[in-house]
Chemist: 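Could you have a look at this structure, given as structure tokens, before my questions?
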Amino acid sequence: MLRLITFRLAHAVPILLIIAVLAFLLMQLLPGDPAVLMAGEGATPQAIQEIRQRLNLDQPLVRQLGTWLLHLAQGDLGSSLQLNQTVVSAVAERLPVSLSLAAISLLITVPAGIMLGVVAAYARDSWLDAVAMAVALIGVSVPTFWIAILSVILFSVTLGWLPSAGYVPLSEGFVPWLLALIQPAIVLALFQIGFLARMTRSAMLDVLDQDFIRTARAKGVVESVVLWKHAFRNTLIAVLTVVGYIFSLLIGGSVIVEQVFALPGVGRLVVQAVLTRDYPLVQGTLLLFGFIFVLINIATDILYLIVDPRVRYD
Amino acid sequence: PAQSQGKNAETIIYGNTAGPGTLDPFVGSSTVDLEVMHHIFEGLVGMDANYAAKPMLASKIDVAPDGKTFTFQLRKGVKFHNGKEMTAADVQASFERYRKLSPNASVLADVTEYSTPDPYTFIIKLSKTNAVFLDVLKSPVYPFVVLPAEQKDKPAREVDIIGTGPYKLAEWRKDSHLTLEKFDDYAVDTTGKPADGLVGKKEALVRNVRYRFMPEANSRIAALQTGEADIIANVPRDLVARIEGRPDLEVRRLLACQQYFIVNTQQPGTDTPEMRQAIRTAIGVDDIMAAISRPTKRSHAMTIPGGEYYNGDLNNQYYDQKNPKLAGELARKAGYKPGQKIQLMTTATYPEFRDAILVLSEQLKEAGIDSEVHVIDWATNAANMQSGGGNWNISSTQFCSNPNLGPQQWKFMVYNFPHVKNDGTLDAAYDKFYTSQDLADRKTAWNQIEKQVLDQAYMIKIADTGLIQALNKKRLPSFDDYYINRFWNVPLK
Amino acid sequence: MNPIVELAEVSKTFALGRGSRRPQLLHAVSDVSFSIAAEETLGLVGESGSGKSTIGRMLVGVYPATSGRISLFGRDITGSGGKANLAAVRRRLQFVFQDPHAALNPRMQVGDAIAEPLDIAGGLDRRTRLARIGDLLDMVGLPRSSAERYPHEFSGGQRQRIVIARALALKPDFIVCDEAVSALDVSMQAQVVNLLMDLQREFGLSYLFIAHDLAVVRSVSTRVAVMYAGSLVEIASRKALYENPLHPYTRALLDAVPRVKGAAKPRQMLQGEPPSLIDPPAGCRFASRCPLAEPRCRVETPKFRPVGGDHHVACHLVA
Amino acid sequence: MTDAALDFATDPPTWRHRAWKMAIRLFRHRSFRIGFGITLLLVVVATFGPLLVKTDPTAMQMRFRFRPPSERFLMGTDGFGRDVFSRFIYGAQLSLWIGLWVAVLSGIAGTFFGVLSGYVRAIDSLVMRVMDALLAFPPILLAIGVNAALGPQVHSVIIALSVSYIPRTARIVRASALVVRELDYVQAAKISGASGLRIVWRHILPNSIGPLLVQLTFVFAYAILAEAALSFLGIGPPPPTPSWGNIIAEGRDYAVEAWWIMLFPGIGISLAALGMNLLGDGLRDVLDPRLKIEG
Amino acid sequence: MSESNILEISGLTVEFRSGGRWITAIRDVDLTLAPRQCLGIVGESGSGKSVTALSILRLHPAKSTRIASGRILYQGRDLLAVAPGELARIRGSEIAMIFQDPMSSLNPVLTIGEQIGETLRIHQGLNRADALAKAVGLLDMVRIPDARRRVAEYPHRLSGGMRQRVMIAMAIACRPKILIADEPTTALDVTVQAQILNLLRDLREELGMSVILISHDMGVISEFTDKIAVMYAGQVVEQAVGDGLFDAPMHPYTSGLLRAIPNIDRDVDRLATIPGSIPDAARMVPGCRFHPRCPEALESCRSEAPAMIDLGGLRQTRCPPRAERQGMIGGRS
Ligand SMILES: Nc1ncnc2c1ncn2[C@@H]1O[C@H](COP(=O)(O)OP(=O)(O)OP(=O)(O)O)[C@@H](O)[C@H]1O
Ligand SMILES: Nc1ncnc2c1ncn2[C@@H]1O[C@H](COP(=O)(O)OP(=O)(O)OP(=O)(O)O)[C@@H](O)[C@H]1O
Ligand SMILES: [Mg+2]
Ligand SMILES: [Mg+2]
């Protein structure tokens with residue numbers, strides 16, 4: 001297994017390189033000039049030109065790319081154009097926020113989604129199934145934004161139970177941290193629960209009419225155990241895939257929720273970096289995302305091996 | 001948590017859309033930058049409530065009769081946040097750094113020499129007469145503030161945030177919040193002037209000011225309602241009702257900006273004055289004002305009432321013509337062929353720009369002029385407006401400091417955004433403006449400039465616009481509006 | 001005689017356990033050599049878990065051999081170039097899986113499943129294809145209407161017939177039948193066995209016929225091989241094997257066959273534990289259960305050697 | 001049904017015959033019928049609605065800003081006094097179109113890569129890492145990039161969103177493929193010399209279809225919403241052209257005061273997602289022979 | 001029901017939904033099982049043996065199956081009517097079942113130890129460790145070598161015969177009152193088969209367990225069972241106690257079956273078969289279901305569906321001509 005991890009990680013290296021180059025090229029494709037934005041309203045063309053020079057933006061592309069890659073190889077991701085921060089510190093500052101949010105949200109999504117999915121599959125075509133399905137659909141089609149606002153109005157403004165916005169680091173206490181994140185986490189979860197539920201349901205339906213379920217029943221296993229132990233265990237590959245997928249979604253882009261709840265997460269960071277053409281920051285964040293996603297997915301792959309003994313890789 | 005971020009006798013909490021991009025004063029230009037910087041940094045001169053230049057760190061200013069030499073006496077005992085005393089050397093180093101890296105450095109192009117005969121005297125010599133040099137120095141945008149001399153070689157955006165202002169920077173978490181802390185050794189201006197605009201007797205009455213960055217209007221309002229913020233900025237006009245119902249909250253409307261359509265004179269379709277005028281004729285500002293979710297006021301002028309250069313109804317005829325029929329005829333005369341599309345460029349980053357453009361597109365349609373709207377991100381929009389590239393005919397933007405600060409502040413905009421070329425009338429008027437020491441002459445010059453810009457429809461005025469702020473009256477009973485929010489002399493209950 | 005299948009000292013080990021634990025090796029097949037000639041049926045019997053299916057699977061390339069050489073139709077499918085060689089002979093090979101349920105795609109109609117080898121080979125128009133499916137269903141005694149139904153609608157025996165029909169579709173030259181008829185009732189079994197033999201006569205097919213039913217093996221096989229704990233213990237023509245079994249295990253097997261209307265002679269049950277395949281004992285693997293075992297049987301591995309004609313056996317005690 | 005079975009004995013089932021039988025099975029499926037009904041309704045609205053609704057969806061009447069739903073404005077008006085009903089009807093087409101294409105494109109490509117890496121072990125790790133790499137690019141960035149390359153048009157949005165959903169779909173398909181490829185029937189096909197393509201097409205895909213269908217119905221709904229986010233950044237169809245996504249996006253500041261702006265397109269998206277989900281359920285069941293379709 | 005029977009199936013008719021229609025898989029099946037008795041069921045594949053067996057524990061897929069009529073009395077209670085909770089209690093502990101497809105009947109993601117141990121944990125309240133220890137013992141009992149080590153294996157890594165033995169171990173774990181064994185030894189070599197059958201025999205004696213044994217192997221049936229039912233096309237066509245069936249089959253189908261048994265003591269070049277094939281359940285033939293393949297069919301066989309005829313001496317047949325020829329007609333059942 002150790003070999004598998006090393007092997008997969010080794011594969012990640014060239015991929016990260018590809019991300020690096022792609023990110024770089026993509027940024028070049030974009031119209032808009034970071035120098036103009038940095039210079040601000042009313043700046044003269046000379047001023048802009050100067051900034052361009054200082055940032056080496058006036059040099060040929062290949063040269064810029066080369067320099068950047070060279071620095072990258074030395075572990076230097078460079079500095080943000082806008083933030084007066086190194087890319088690493090900018091990201092390091094926000095990652096805990098995104099990770100916290102993703103983790104709490106996942107902790108809500110996973111049990112709820114799985115529960116709904118399993119119940120819906122079991123009670124297939126009944127009213128329970130219909131309700132679970134409705135919840136699933138509401139989650140995806142009601143704009144997150146709307147839920148977020150309504151939730152703030154209800155829980156923060158009207159009831160005064162939860163803070164309306166802002167992040168409190170874990171270092172300032174577990175409860176404040178949790179209270180600050182619980183609302184956005186639920187809003188995010190609502191969006192994902194449906195997906196997980198539907199996926200679980202579908203996978204469960206595939207498993208439920210297989211022979212070994214009959215065997216379990218023949219042994220006198222009660223329905224709930226048949227459902228959870230015998231059937232659900234067999235859907236874990238599908239469920240894990242979806243969970244991994246949701247996790248990467250949560251880390252990478254919960255821009256709207258971060259925005260509504262004024263959370264300084266990486267989602268907003270990267271969008272703003274794109275919008276302000278903060279090249280080094282975008283490139284750096286993408287690399288980081290790439291790395292995290294590779295990690296998540298390697299972890300999922302390894303979990304596959306654990307949850308389904310039939311799976312094998314060479 | 002609600003408490004940890006919320007009500008606090010020592011901390012004023014201010015919610016605005018975003019945090020500063022940079023706190024390096026020499027490159028800071030956006031409102032969110034400035035409203036923090038002016039608490040931390042101070043310059044030799046600053047604006048008063050009427051936008052006039054007044055001494056700040058200078059105790060006395062002498063202007064030589066030829067308008068070329070400026071001598072500043074510095075206040076004594078002014079301390080930087082690092083405890084060091086400010087001297088002329090710091091001032092000179094700051095000017096030198098400014099010249100090296102500020103986008104606005106060109107205004108120092110005529111400087112021939114700085115000198116510091118003694119630690120409290122600073123002299124600037126210019127090669128040419130500049131009648132409005134002090135007005136240049138008062139600019140709140142890219143402010144000419146004083147940094148410790150050691151910061152001289154720091155690249156743009158990388159200075160240590162050390163000023164002489166009443167507050168110092170305590171904590172700054174990008175995209176989250178920024179906290180200012182009272183500077184205990186602040187040298188209050190004791191020359192006897194009361195607080196006025198950015199100058200005068202400034203005192204920090206609360207320990208901390210926390211700026212919270214909350215991009216969503218709904219969230220800011222919620223924060224104010226829950227007491228997690230004491231004051232918030234940028235309330236969309238159509239959401240004001242949510243606040244107005246509450247006895248403890250108060251809504252403030254501030255009209256300090258102006259919004260325009262910028263017409264690209266170099267782009268086919270709008271490269272003739274006739275066509276630009278046709279477009280202007282089609283525009284009715286009431287619908288636009290209704291559409292943009294900001295407080296607005298009808299006004300044709302490029303300056304604000306009360307300012308030195310305000311000229312009453314002089315150029316009113318170019319405003320709000322609202323005559324689609326005539327506009328259609330003019331367009332045809334100007335050679336416009338139906339089906340030909342005027343390219344409207346705007347951004348969603350600033351909804352008021354986009355909304356104005358959307359209404360414009362409808363009004364042009366009424367006049368028989370077809371158009372196409374391109375919504376792009378602000379980065380591209382701004383870059384295209386600067387460069388003239390990107391195939392746009394009309395875009396919209398808003399100016400805040402320019403109308404307030406006078407014609408010198410307008411110059412770059414009126415030339416550069418519409419990409420004006422070879423306009424002798426405009427050139428001559430500006431020349432006169434800079435060289436005449438006589439205010440009356442300068443006013444005449446400005447009237448000409450304004451007339452030319454509006455007549456040629458380089459820019460088409462939409463309205464004076466502004467912001468809506470809201471605050472908790474109970475907590476901030478005596479908060480004073482200004483076009484930059486200030487938290488000195490503000491007590492917290 | 002030109003053998004179409006040849007195994008030379010083929011072994012197969014599986015790694016047990018996963019993860020970082022040091023894997024234990026399970027010796028499923030050890031040093032097995034035999035060959036099958038054209039138009040021949042080699043019956044393969046033996047203890048359950050002794051590696052019969054594993055051999056079958058290695059023969060069609062589902063498992064690679066751990067060591068040794070396998071050639072099919074004169075081409076070596078192990079070692080370098082094995083893949084290409086295997087691909088070259090694919091069409092001439094078929095396999096009937098032991099578990100008919102797992103061997104059928106639950107989402108494929110039976111007709112399509114049967115026609116799969118035909119479709120892969122290609123070149124049939126719809127009508128001919130359909131006719132072939134019908135013929136194949138007839139052959140294995142299923143109604144033609146089965147073609148439109150799905151595997152789960154069939155009983156175990158019916159499914160097995162579907163699998164057999166699929167294997168026969170292309171008239172291959174060599175079929176591995178892994179317990180192909182054990183799920184069938186006797187009359188159906190007889191039909192299928194007869195069919196296999198008819199095909200053999202008609203088209204010169206060869207079979208590796210893995211089964212537990214020694215009676216069936218006797219009726220289909222030309223020669224019979226007996227396996228115990230991963231090794232071949234005896235191989236002989238059917239007559240020789242059934243009438244003159246030499247290896248004690250073979251004898252025990254034949255003794256244990258249940259008979260209609262009571263056993264002819266008193267059943268002698270094998271005692272003791274079968275050996276572990278994880279650390280196989282030294283010497284003869286059957287020694288622990290052999291009624292005749294001598295001390296040297298537990299030390300010295302008996303050679304697999306000819307004892308007259310094509311009768312081979314691995315036992316010290318056989319002269 | 002029996003008749004069909006009888007036909008079969010004499011006449012080979014043609015492609016069309018099978019499709020017909022499939023359709024019959026589908027229409028026996030209750031969820032499928034409901035889903036089909038909903039989808040059909042939306043498609044009809046999207047196609048013929050604009051011919052029937054006379055109000056110009058872009059016409060602004062500032063006098064009537066933010067009017068709640070009434071007889072005159074069935075779904076109220078927005079901040080420009082535009083008729084939300086008319087915008088809703090005109091917007092249906094664009095939204096459904098984008099949702100559909102993104103689902104189809106990302107479905108095809110995602111399935112391709114998923115199966116490729118799930119089935120061809122040698123390149124599994126490689127393909128998956130490339131997918132991880134794609135995953136790293138936020139849709140916004142992709143969209144701006146594609147937009148810059150192809151110009152602002154619906155295609156750019158479709159491509160950008162499709163690309164960003166490919167890796168997600170791929171992972172889901174791969175997960176099923178990893179299990180299915182080890183089963184005996186796949187081995188049986190291999191022994192028969194089936195090509196990789198055939199194994200994938202006939203064995204792996206049909207047995208991985210459940211999660212794939214769920215994924216695609218969700219991609220469909222996500223794409224409609226994502227289009228809004230993008231069009232608000234100015235990527236894609238410019239705003240006077242209505243789409244459900246940008247109606248919602250434009251109404252977002254007034255979520256409370258002018259709830260109707262968001263509500264109706266929200267319902268539209270829900271309905272579309274519901275329709276698609278039901279269709280997907282039906283398809284899934286019909287493709288699974290073990291489930292009997294009740295009449 | 002007679003006091004002496006632990007299980008009585010009467011008039012059982014089961015239908016499946018296929019292609020939109022209900023198709024009868026078994027019709028009017030009557031079977032009885034006495035304590036300690038072993039009932040063998042033989043018959044053409046597809047004749048409904050497994051369907052009958054599955055019905056006892058109500059293990060058919062609920063959606064596509066219906067039990068159109070019949071009763072299954074177990075210790076006086078109708079199993080078709082007991083509450084689900086009660087049924088779960090009976091399943092595995094009092095009535096256990098060995099399934100025909102050992103691969104697909106084992107859960108691929110649980111170790112065999114876990115699967116065997118589960119039964120013990122449910123019905124005997126053992127903890128995990130004890131259950132596992134007992135599972136090892138059971139694996140030993142069914143002759144799986146290295147039981148201690150292999151108890152942690154997953155099903156797909158076992159040979160066919162081993163899987164089958166795991167199924168057996170699972171079924172006998174709780175020492176049930178009735179064991180339903182659907183082809184329990186087809187994948188086993190004869191020596192292991194003999195051991196397993198001995199094991200079952202011991203259990204019968206020790207616990208008074210009754211067994212329903214479905215098998216194609218006439219040798220096994222003959223050696224192991226005390227009563228044999230022959231099924232054809234969804235019906236029981238003949239029943240007999242003891243070896244009588246082999247001596248004098250009372251149904252032509254049984255005769256055909258016996259003829260088809262391969263002989264281990266002789267080399268034969270061709271096995272005897274019954275010509276034709278089982279009728280399609282969807283289009284069942286009228287009259288006697290076997291008549292199209294019957295060498296002795298009379299005109300009446302084509303039209304009249306024969307009822308079960310009691311021949312006395314615990315023999316029954318569905319073949320009136322044979323019954324008549326033997327002059328053994330008793331009362332109709
Ligand atoms: N789920 C089902 N749906 C439709 N038909 C079924 C189903 N299960 C069984 N059948 C049909 O019922 C009949 C009896 O099947 P059953 O499995 O009882 O046969 P069997 O006697 O056990 O045969 P074998 O010895 O081959 O296992 C067969 O014709 C089969 O096709
Ligand atoms: N994929 C696998 N991984 C690990 N071990 C395996 C695998 N397949 C088979 N084995 C082991 O190899 C040995 C031989 O198995 P094989 O299936 O060849 O036996 P067999 O002779 O066919 O037995 P049976 O008659 O019971 O089918 C067994 O111990 C089995 O557990
Ligand atoms: Mg085997
Ligand atoms: Mg059966």
Side-chain angles (χ1 to χ4, degrees), chain A residues 30-48 50-51 54 81-85 90 93-94 97 145 148-149 152-153 156-157 160-168 172-173 175-180 258-265 268-269 272 274-277, chain B residues 1-2 4-6 15 21-24 27-30 33 101-106 141-142 155-159 173-177 212-216 218-223 225-226 228 349 376-387 389-390 397 399 401-402 409 412-413 416:
Chain A
L30 306 193
D33 184 340
V36 171
L37 282 150
M38 287 180 72
E41 201 180 306
T44 59
Q46 301 90 290
I48 293 169
E50 265 162 42
I51 293 178
R54 192 160 54 79
L81 300 183
Q82 302 281 341
L83 295 181
N84 185 26
Q85 252 180 328
E93 200 174 274
R94 287 152 208 261
V97 184
F145 178 80
I149 298 288
V152 167
I153 288 178
S156 308
V157 178
W161 291 350
L162 295 166
S164 68
Y167 174 69
V168 183
E172 286 177 28
V175 174
W177 170 80
L178 189 65
L179 285 179
E258 283 175 15
Q259 192 151 319
V260 173
F261 292 96
L263 300 171
R268 271 167 85 199
L269 180 72
Q272 274 171 20
V274 170
L275 293 182
T276 55
R277 304 292 185 267
Chain B
S4 89
Q5 301 242 329
T22 175
L23 287 181
D24 184 343
V27 298
S29 67
S30 68
D33 298 343
L101 53 76
S102 174
N104 193 35
S106 59
V141 181
Y142 306 120
R157 290 164 188 269
E158 292 177 27
V159 281
R173 297 258 324 196
K174 306 266 160 60
D175 278 345
S176 173
H177 62 270
R212 292 190 57 190
F213 316 136
M214 315 178 82
E216 286 298 333
N218 282 290
S219 315
R220 289 194 299 278
I221 294 174
Q225 288 171 326
T226 57
E228 289 167 73
T349 316
I376 53 184
D377 57 317
W378 178 239
T380 321
N381 189 344
N384 289 347
M385 210 137 69
Q386 289 271 6
S387 66
T397 189
F399 302 102
S401 45
N402 316 63
Q409 210 81 19
F412 178 72
M413 297 299 164
N416 196 38

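Every heavy atom of this structure was used, including side-chain atoms; hydrogens, water molecules and symmetry mates were not. Order of the sequence lines fixes the chain letters, A, B, ..., with proteins taken first and strands second; residue numbering starts at 1 for each chain.
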Chemist: How far does NZ of B:Lys174 sit from CD of A:Glu93, to the nearest 0.5 angstrom?
Modeler: 6.5 Å
Chemist: Could you tell me which residues satisfy side chain to side chain donor-acceptor pair (under 3.5 Å) with B:Ser30, sequence neighbours excluded, listed by chain and number?
Modeler: B:Asp33
Chemist: Mind checking the CG-CD1 spacing from B:Asn218 to A:Ile153? Nearest 0.5 Å is all I need.
Modeler: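 The distance works out to 6.0 Å.
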Chemist: For the pair B:Arg212 (side chain) and A:Ala165 (backbone), establish whether a donor and an acceptor sit closer than 3.5 Å, ignoring hydrogens and angles.
Modeler: yes
Chemist: Answer yes or no: is there a donor N or O on one side and an acceptor on the other, between the side chain of B:Ser176 and the main chain of A:Pro264, under 3.5 Å?
Modeler: no
Chemist: With only heavy atoms counted, which part of A:Val152 is less than 4.5 Å from chain B, the side chain, the backbone, both or neither?
Modeler: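 For A:Val152, side-chain heavy atoms alone lie under 4.5 Å from chain B.
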Chemist: Between atom CG of B:Asp175 and atom CD of A:Glu258, what is the distance when rounded to the nearest 0.5 Å?
Modeler: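 Going from the CG atom of B:Asp175 to the CD atom of A:Glu258 covers 8.5 Å.
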Chemist: What's the spacing between A:Phe261 CZ and B:Glu216 CD if we round to 0.5 Å?
Modeler: 10.0 Å
Chemist: How many angstroms lie between atom CD of B:Gln225 and atom OG of A:Ser156, to the nearest 0.5 angstrom?
Modeler: 10.0 Å
Chemist: Just how far is it from atom CD of A:Gln259 to atom CZ of B:Phe213, taken to the nearest 0.5 Å?
Modeler: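 Rounded to the nearest 0.5 Å, the CD-CZ separation comes to 14.5 Å.
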Chemist: Checking heavy atoms, do the side chain of B:Ala105, its backbone, both or neither come under 4.5 Å from chain A?
Modeler: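 Neither the backbone nor the side chain of B:Ala105 comes within 4.5 Å of chain A.
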